[in-house]
*Asks:* 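This structure is in structure tokens; I'll ask about it shortly.
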Amino acid sequence: MSHTLVVDLARNAILLAFVLAGPMLVVALGVGLLVSIFQAVTQIQEQTLAFVPKLIAVAVVFLVALPWMLQLSVKYTSELFRSIPTLAG
């Protein structure tokens, strides 16, 4: 196995992780921003007020995006397993 191949495999794995985590992180960022603005306007400084809406929003996005995420993961894994003979040889 050459160094280029290892770097390429690692790059693809990290890229897939970013693509899978991206939607949930963007939603958490947006909800956190909205809750922060709400807290600043109303001067309510309750920590659970910031945590619970983000938790619910990320859970909803996770459930909605789960088929797509599984499809990407299975595609990546099957391509990786299919390329094992060429990697070993």
*Asks:* About how many Å separate OG1 of Thr4 and CZ of Arg11, when rounded to the nearest 0.5 Å?
*Replies:*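 Reported to 0.5 Å precision, the distance equals 11.5 Å.
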*Asks:* Answer yes if Val26 and Leu16 sit in the same cluster of Ile, Leu, Val, Met, Phe, Trp and Tyr residues linked by side chain heavy atoms under 4.5 Å apart, and no otherwise.
*Replies:*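 Hydrophobic grouping puts Val26 apart from Leu16.
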*Asks:* Suppose we screen for side-chain hydrogen bond (donor to acceptor under 3.5 Å, both in side chains). Which residues come up paired with Thr48, at least two apart in sequence or across chains?
*Replies:*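 Partners of Thr48 by the side-chain hydrogen bond (donor to acceptor under 3.5 Å, both in side chains) criterion, ordered by chain and then number, come out as Glu46.
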*Asks:* Taking atom CZ of Arg82 and atom OG1 of Thr77, what is their separation to the nearest 0.5 Å?
*Replies:*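 Taking CZ in Arg82 and OG1 in Thr77, the distance rounds to 11.0 Å.
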*Asks:* Would you say Leu29 ends up clustered with Val19 if hydrophobic residues are merged whenever their side chains have heavy atoms under 4.5 Å apart, either directly or through other cluster members?
*Replies:*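 No, because Val19 and Leu29 fall into different hydrophobic clusters, even though each may have its own neighbours under 4.5 Å.
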*Asks:* Is the closest side-chain heavy-atom distance between Met24 and Met69 below 4.5 Å?
*Replies:*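 Yes, their side chains come closer than 4.5 Å.
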*Asks:* Hey, are the side chains of Thr86 and Ser83 touching, using non-hydrogen atoms and a 4.5 Å cut-off?
*Replies:*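 Contact flag for Thr86/Ser83 side chains = yes.
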*Asks:* Please round to the nearest 0.5 Å and tell me the distance separating atom CG of Leu80 and atom CG of Asn12.
*Replies:*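 The distance works out to 9.0 Å.
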*Asks:* If hydrophobic clusters are built from ILVMFWY residues whose side chains come within less than 4.5 Å, do Ile56 and Val61 share one?
*Replies:*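 Result: no, two separate clusters.
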*Asks:* First locate atom CZ of Phe62, then atom CG of Leu66, and finally report the distance between them rounded to the nearest 0.5 Å.
*Replies:*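 Reported to 0.5 Å precision, the distance equals 5.0 Å.
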*Asks:* Any side-chain heavy-atom pair from Phe18 and Leu25 closer than 4.5 angstrom?
*Replies:*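 Side chain of Phe18 against side chain of Leu25, heavy atoms only: no contact under 4.5 Å found.
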*Asks:* How many angstroms lie between atom CZ of Phe38 and atom CG of Leu49, to the nearest 0.5 angstrom?
*Replies:*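 With rounding to 0.5 Å, CZ (Phe38) is 6.0 Å from CG (Leu49).
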*Asks:* Taking Leu5's backbone N and O only, do any of them form a donor-acceptor pair with Ser2's side chain (distance below 3.5 Å, no angle check)?
*Replies:*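 Yes; at least one donor-acceptor contact below 3.5 Å.
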*Asks:* Please check if Val31 and Val64 belong to a single hydrophobic cluster, counting links between Ile, Leu, Val, Met, Phe, Trp and Tyr side chain heavy atoms closer than 4.5 Å.
*Replies:*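 Cluster IDs for Val31 and Val64 differ.
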*Asks:* Considering non-hydrogen atoms only, spot the tightest contact between Ala28 and Val58 and give its length.
*Replies:*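 Between these two residues, the closest heavy atoms are CB-CG2, 3.7 Å.
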*Asks:* In terms of hydrophobic clusters joined by side-chain contacts under 4.5 Å, are Leu34 and Phe51 together?
*Replies:*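 The answer is no; the residues belong to distinct hydrophobic clusters.
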*Asks:* Got a sec: does the CD of Gln71 have more than 12 other heavy atoms crowding it under 6.0 Å?
*Replies:*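 No, CD of Gln71 has 12 or fewer neighbouring heavy atoms, counting only those of other groups under 6.0 Å.
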*Asks:* Roughly how far, to the nearest 0.5 Å, is the CG atom of Leu20 from the OG atom of Ser73?
*Replies:*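 The distance works out to 4.5 Å.
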